[in-house]
Amino acid sequence: MTSSTTTALGGGTDQRVARLPIASLLALALAGFVTILTEALPAGLLPQISAGLGISEALAGQFVTLYAIGSLMAAIPLTAATQGFRRRPLLLSALAGFVIANTVTTFSSSYALTMVARFMAGVSAGLLWALLAGYAARMVPEHQKGRAIAIAMVGTPLALSLGVPAGTFLGNLVGWRMCFGIMSLLALLLMIWVRVKVPDFAGQAAGKRFTLRHVFSLPGMRSVLFVVLAFVLAHNILYTYIAPFLTTAGMAERTDLVLLVFGIASLLGIWIIGVLIDRYLRVLTLTGTTLFGLSALALGAAGDVPAVVYVAVAAWGLAFGGAATLFQTAIVKTAGDAADVAQSMLVTAWNMAIAGGGIIGGILLDRLGVAAFSPALLALLAATLIVVWGARHHGFSAAQR
């Protein structure tokens, strides 16, 4: 590690770090925070939503489902259709979608109307996620792209580890509708921040737009997308069903503490990735996948020992915390000027993995019990390691850029 890099990591006066557009990148991070929190907040407020709309908790749970479907359906076609649009107005439009959707959710007494709003929020999320990493990368020179993306993505673990529990607590104090009202106001304030601080960039010229087929066929693209699908699928099988796993281990009453350990470790993970990613993307991806695999192995072998569970969950959180930054940086570098279209593919793969984790994890739980989780995760992570290892020339290149 060079002395200039050491100075940068230590918060010194390295000019390369000083030029990072922190205010603009933090605006993107807050956009990610709003997106994740809007998606996940209903999970902590199901009883209140159920009572407020006079529906079952199962129907209230579809708040999350419709959001995910909106993201899954919209990311690729909407991003492809808007390649020629200027970036800042497009980002503002996505944020306006959250303002409208969360405002409707705040005041609607109709389940059907609220579900339409949730779907539209998901559509906005699909577009926004496709924009963020490429937007951050365009703000900085090549040697800072990974760090810029890491800052722009910090809102995700913050929302999962701190935002959702805080939102649930607030919902119990002021009601679930007020929570969505606050989210709407936050998105509105963020629109002002973006308009003032975030630079605008041109879209792709008509002759330089990219077809989905072209982007999908770029060297390394399929490797990155496979890694996203397999790694995130492994994560969601365990994360979605962590409560029954802990119940089997006799730790049901410690679920909140276990998730807190996961959240704190995730924050540490994204910090480590942000510091090192521009130099060691390939090594970090291999290391994170291996660490997650060791965690899965430990949970399978000694998942009934509390100390092992805490250490394994911390390792899992450390591995997962920076995963989004690693994968998005890999796909941005692989796609080049087609980064936004490639990001829309990543968003689609990520949401497929979320849905698949719920489905596959549920089947495993019903038919084989939580003991089946560890072998399933190890198989997926082994495949991930093989693909990353093989993508040394394109996708997860060993060459420093």
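Small disclaimer: the values here were computed from a predicted structure and weren't measured.
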* **Derivation and outcome, side-chain contact (heavy atoms from CB on, under 4.5 Å), residues Ile76 and Met345** => CA-CA 6 Å; Ile76 290 177; Met345 294 180 176; 4.2 Å; yes

* To do: Please check if the side chain of Arg118 supplies one atom and the backbone of Phe63 the other of a donor-acceptor pair under 3.5 Å.
  => yes

* At what distance, to the nearest 0.5 angstrom, does OH of Tyr135 lie from CZ of Arg88? -> 6.5 Å

* **Validation row, ring centre Phe292 to ring centre Phe320 under 6.0 Å** => no

* Asked: Are the side chains of Ile331 and Leu225 in touch, meaning some heavy atoms are under 4.5 Å apart?
  -> yes

* For residues Val305 and Val309, determine if any side-chain heavy atom of one lies less than 4.5 Å from a side-chain heavy atom of the other. => no

* Structure fact -> Heavy-atom closest pair (Gly288 atom, Ala319 atom, distance to 0.1 Å) is O-CB, 3.2 Å

* Taking the side chain as every heavy atom from C-beta outward, state whether Thr329 and Thr325 have any atom pair closer than 4.5 Å. => yes

* **Intermediate values then yes/no, side-chain contact (heavy atoms from CB on, under 4.5 Å), Met221 and His394** => CA-CA 8 Å; Met221 184 61 60; His394 301 284; over 6 Å; no

* Does any donor atom in the side chain of Thr384 or Thr289 lie under 3.5 Å from an acceptor atom in the other side chain? -> no

* Donor on one side chain, acceptor on other, Thr114 and Thr105, under 3.5 Å -> no

* Test item: Ser374 and Leu299 side chains (from C-beta on) under 4.5 Å apart, heavy atoms -> no

* Would you find a donor on one side and an acceptor on the other, under 3.5 Å apart, between the side chain of Ser344 and the backbone of Thr79? -> no

* Given Arg86, which of Asp200, Leu92, Leu91 fulfils the side chain to side chain contact (heavy atoms under 4.5 Å, CB included) condition? -> Asp200

* Asked: Are Ser295 and Val313 close enough, and set up right, to give a side-chain contact (heavy atoms from CB on, under 4.5 Å), and what steps lead you there?
  -> CA-CA 7 Å; Ser295 172; Val313 167; over 6 Å; no

* Structure fact -> Closest non-hydrogen contact found for Phe396 with Ser223 is CE1-O, 4.4 Å

* Looking only at non-hydrogen atoms, find the nearest pair between Thr103 and Ser184 and report the distance. => OG1-OG, 2.6 Å

* Structure fact -> Output for pair (Phe85 CZ, Arg87 CZ), nearest 0.5 Å, gives 9.0 Å

* Asked: Considering all heavy atoms of both residues, which atom of Thr38 and which atom of Ala121 are nearest to each other, and what is their separation?
  -> CG2-CB, 4.4 Å

* Can you name the ring-ring contact (aromatic ring centres under 6.0 Å, His included) partners of Phe327, sequence neighbours left out? -> Phe231

* To do: Under the side-chain contact (heavy atoms from CB on, under 4.5 Å) rule, what do Phe262 and Trp316 come out as? Steps first, then yes or no, please.
  => CA-CA 7 Å; Phe262 176 87; Trp316 168 30; 3.5 Å; yes

* Over all heavy atoms of both residues, which pair between Ala296 and Leu378 is shortest? Give the atoms and the distance, please. => CB-CD2, 4.2 Å

* Asked: Given side chains that start at C-beta, do those of Ile36 and Trp129 come closer than 4.5 Å, heavy atoms only?
  -> yes

* Would you say Lys145's side chain and Ala137's backbone share a donor-acceptor pair under 3.5 angstrom? -> yes

* Which atom names give the shortest non-hydrogen contact between Arg282 and Ser397, and what distance separates them? -> CB-O, 3.7 Å

Name each donor-acceptor pair under 3.5 Å that joins a side chain in residues 243-251 to protein atoms two or more places apart or in another chain, with its distance.
from	atom 1	to	atom 2	distance (Å)
Thr247	OG1	Ala243	O	2.9
Thr248	OG1	Pro244	O	3.0

* Enter the distance from Leu260:CG to Tyr310:OH here, rounded to the nearest 0.5 Å. => 10.0 Å

* Inspect the surroundings of CE in Met115 and state if more than 12 heavy atoms from other residues, nucleotides or ligands are less than 6.0 Å away. => yes

* Asked: Atom CG of Leu25 and atom CD of Gln144: how far apart are they, to the nearest 0.5 Å?
  -> 9.5 Å

* To do: First locate atom CG of Leu132, then atom OG1 of Thr35, and finally report the distance between them rounded to the nearest 0.5 Å.
  => 6.5 Å

* Asked: Between Arg177 and Phe107, is NZ or CZ placed under 6.0 angstrom from the six-membered ring centre and within 45° of the ring axis?
  -> no

* Asked: With a 4.5 Å limit on heavy-atom distance, are the side chains of Ile49 and Pro42 in contact?
  -> yes

* Would you mind reporting whether Asn236 and Val232 have side-chain heavy atoms less than 4.5 Å apart? => yes

* Are the side chains of Phe373 and Tyr241 in touch, meaning some heavy atoms are under 4.5 Å apart? -> yes

* Asked: Roughly how far, to the nearest 0.5 Å, is CG of Leu284 from CD1 of Ile277?
  -> 7.0 Å

* Taking the inter-plane angle between the rings of Trp176 and Phe180 on a 0 to 90° scale, is it parallel (under 30°), tilted (30 to 60°) or perpendicular (over 60°)? -> perpendicular

